[in-house]
Amino acid sequence: MTELHAAPVDTDAIEKAAREFRETFGAEPEGMFSAPGRVNIIGEHVDYQQGLCLPMAISHRCFVAARRTDTGVVRMRSVQSGETVEAPVEGLEPGAVDGWASYVAGVLWALADRFEGGAPCGFDLLIDGYVPLGAGLSSSAALECAVAAAVDELCELGTSAHERIRAAIKAETEFAGAATGGLDQSASILCEEGHAILLDCRDFSTVSVPWDLAGQGLELLIIDTRAPHSLVGGEYAERRAQAEAGARTLGVESLRDVPFEGASDACQGISDPVVHKRSRHIIGEIERVREFAEILEAGSIREGLERIAELLNASHDSLRDDYEVSVPELDVAVDAAREAGAHGARMTGGGFGGSVIALVDAEMVEDVASAVQSAFAKRALAEPVFFLAAPSRGAGRDR
Ligand code: ADP
Ligand code: MG
């Protein structure tokens with residue numbers, strides 16, 4: 001039987017993190033916090049052209065057990081890494097901590113100017129995460145956002161959600177030195193149970209839209225293809241440059257500004273065939289997100305299911321053919337899922353590896369997963385990993 005990885009029950013995960021905290025630090029945690037990973041339902045490679053995307057928080061979360069101390073030192077332990085790392089809180093600067101702990105210390109650093117009268121006391125933080133690392137489900141944002149929630153609450157900083165989003169982004173880009181656009185942190189902090197968020201990358205405003213999969217007898221199956229990411233940096237930079245060339249040719253600041261009249265028509269003025277295809281993807285994808293969100297706002301997923309499936313499939317096909325960011329593993333997973341009866345399937349994330357999502361009737365999940373598994377085995381591809389995720393609540397205090 002194909003194994004489907006569901007997230008643990010929250011109360012069990014909270015108990016376990018509290019126990020690990022006691023064993024590590026020999027004291028009771030002051031509070032328990034968590035933040036979710038995310039998956040983008042639709043709206044890929046549009047963020048850097050001020051487009052729209054539609055992420056949801058997944059059930060897999062990063063849990064943080066925390067207390068303040070009077071040591072002036074932050075002690076960070078991750079169950080996943082098995083390490084404890086320490087750093088003085090006062091005078092934290094990028095480079096002071098590296099590896100996974102930089103995502104944690106980076107949040108303290110990014111929030112430093114919120115502490116009245118300089119740096120606070122110290123912290124003991126126990127991290128226990130269930131978002132798989134590096135699968136494209138944003139374990140890094142889950143970690144940062146859970147820490148931001150912990151520090152904000154315990155120190156009564158009174159930061160707004162948007163300040164915590166900015167702090168998490170700053171921690172990742174400036175302190176940990178990794179590139180991130182902001183979608184992940186926005187989703188991890190702002191998502192609500194049973195909803196997705198329509199995120200406008202022009203101004204980072206969001207609207208919560210109903211996405212009640214369970215109530216409609218549906219599941220979102222996440223397939224981590226485990227395809228090795230290769231050539232990613234250069235390919236991404238090239239796509240961004242091509243998108244900018246498309247906008248320049250059409251005389252707009254970003255492709256978001258192109259009035260939609262069918263993506264092909266809109267791109268007629270672009271003679272370079274590659275720039276044409278790239279622009280066609282972005283303009284079409286933004287329109288697909290808009291339509292997808294309108295369907296969800298208007299009624300139930302079931303009522304709009306046929307069109308929702310078409311939009312998911314069209315998104316993948318456009319990423320494969322026009323944007324050329326898919327790889328065989330992603331296409332094999334998408335094709336096998338569709339053939340086995342999924343209501344639409346698409347690659348999610350930047351591409352060149354990573355995960356596929358398939359919208360599936362709840363009773364069909366096993367069949368679809370095992371069809372994908374067989375398709376991979378037949379082609380001698382590494383075994384994919386399957387996750388079941390419900391649209392979950394954003395970051396916050398659990399106890
Ligand atoms: P993704 O966010 O898609 O999972 P990233 O490369 O952005 O992939 O982030 C993964 C990194 O985040 C890990 O290499 C590690 O440094 C850090 N990380 C995330 N969760 C944890 C955790 N529970 N314990 C330790 N480090 C973590
Ligand atoms: Mg990440």
Side-chain angles (χ1 to χ4, degrees), residues 5 7-8 13-14 16-17 20-21 24 32-40 44 47 53 55-66 74-87 94 97-108 124-150 165 167-189 222-230 232-233 236 330 347-357 385 387 389 395:
H5 298 270
I14 294 164
K16 175 168 173 280
E20 300 265 8
F21 185 98
T24 304
M32 305 295 301
F33 306 85
S34 66
R38 63 92 190 97
V39 71
N40 195 19
E44 220 66 74
D47 53 342
C53 47
M56 69 172 225
I58 60 176
S59 331
H60 301 71
R61 308 178 74 79
C62 182
F63 292 87
V64 173
V74 55
R75 295 194 289 180
M76 306 163 267
R77 180 170 184 82
S78 156
V79 173
Q80 282 63 49
S81 82
E83 295 166 301
T84 306
V85 177
E86 294 190 10
V97 181
D98 58 10
W100 66 269
S102 63
Y103 294 85
V104 181
V107 173
L108 283 177
D124 285 341
L125 303 169
L126 182 289
I127 291 132
D128 196 3
Y130 295 87
V131 185
L133 271 55
L137 300 176
S138 212
S139 66
S140 60
L143 175 55
E144 294 144 17
C145 295
V147 171
I165 291 168
I169 296 171
K170 197 172 166 192
E172 184 150 346
T173 53
E174 295 177 37
F175 199 94
T180 179
L183 179 151
D184 303 351
Q185 292 79 7
S186 300
S188 185
I189 288 184
I222 301 172
I223 306 155
D224 175 10
T225 64
R226 297 173 67 214
H229 284 260
S230 53
V232 170
Y236 284 176
L330 293 167
M347 56 161 276
T348 181
F352 302 106
S355 294
V356 159
I357 53 169
V385 182
F387 299 95

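All ligand and atom numbering here is 1-based and tracks the order in the structure. All values below come from the heavy atoms of this structure, side chains included, with hydrogens, waters and symmetry mates left out.
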Would you check if [X] and [Y] make a side-chain contact, meaning some heavy-atom pair closer than 4.5 Å?
| X | Y | value |
| --- | --- | --- |
| Lys16 | Val79 | yes |
| Glu144 | Val104 | no |
| Met347 | Thr225 | no |
| Trp100 | Val85 | yes |
| Phe387 | Ile58 | no |
| Phe175 | Lys170 | no |
| Ser355 | Val39 | no |
| Arg61 | Tyr130 | no |

I'd like to know if Ala178 contacts ligand 1, where contact means a heavy-atom distance under 4.0 Å to any ligand atom.
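Checking ligand 1 against Ala178, which is what was asked, there is no heavy-atom contact under 4.0 Å.
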4.0 Å heavy-atom contact, Ser138 with ligand 1:
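Yes, that is the case, since the closest heavy atom of the residue is under 4.0 Å from the ligand.
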How far is [atom] from its nearest protein heavy atom, and which residue and atom is that?
| atom | value |
| --- | --- |
| atom 13 (C) of ligand 1 | Leu133 CD2, 3.9 Å |
| atom 9 (O) of ligand 1 | Ser140 CB, 3.3 Å |
| atom 23 (N) of ligand 1 | Gln80 OE1, 3.0 Å |
| atom 15 (C) of ligand 1 | Trp100 CB, 3.8 Å |
| atom 24 (N) of ligand 1 | Ser78 OG, 2.8 Å |
| atom 18 (N) of ligand 1 | Leu143 CD2, 3.7 Å |
| atom 19 (C) of ligand 1 | Ser139 OG, 3.3 Å |

I need the Leu126 CG to Arg75 CZ distance, nearest 0.5 Å.
11.0 Å
If every non-hydrogen atom of Ala168 is compared with every non-hydrogen atom of Gln185, which pair is closest and at what distance?
CB-CG, 3.6 Å
What part of Ile127 sits under 4.0 Å from ligand 1 if we count only heavy atoms: the side chain, the backbone, both or neither?
side chain
Tell me the contacting part of Pro132 for ligand 1: side chain, backbone, both, or neither, using a 4.0 Å heavy-atom threshold, strictly below.
backbone
Would Tyr103 count as a polar contact of ligand 1, with the cut-off being nitrogen or oxygen pairs under 3.5 Å?
no
So is there a nitrogen or oxygen of Ala141 less than 3.5 Å from a nitrogen or oxygen in ligand 1?
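It does not: no N or O of Ala141 is found under 3.5 Å from an N or O of ligand 1.
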Quick check: does Thr180 have an N/O/S atom under 2.8 Å of the Mg ion (ligand 2)?
no
Does some non-hydrogen atom of the protein lie less than 4.0 angstrom from atom 6 (O) of ligand 1?
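It does not; no protein heavy atom is within 4.0 Å.
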Tell me the nearest of Ser102, Ala101, Gly136 to atom 3 (O) of ligand 1, using heavy-atom distances.
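Checking each option, the heavy atom nearest atom 3 (O) of ligand 1 is found in Gly136.
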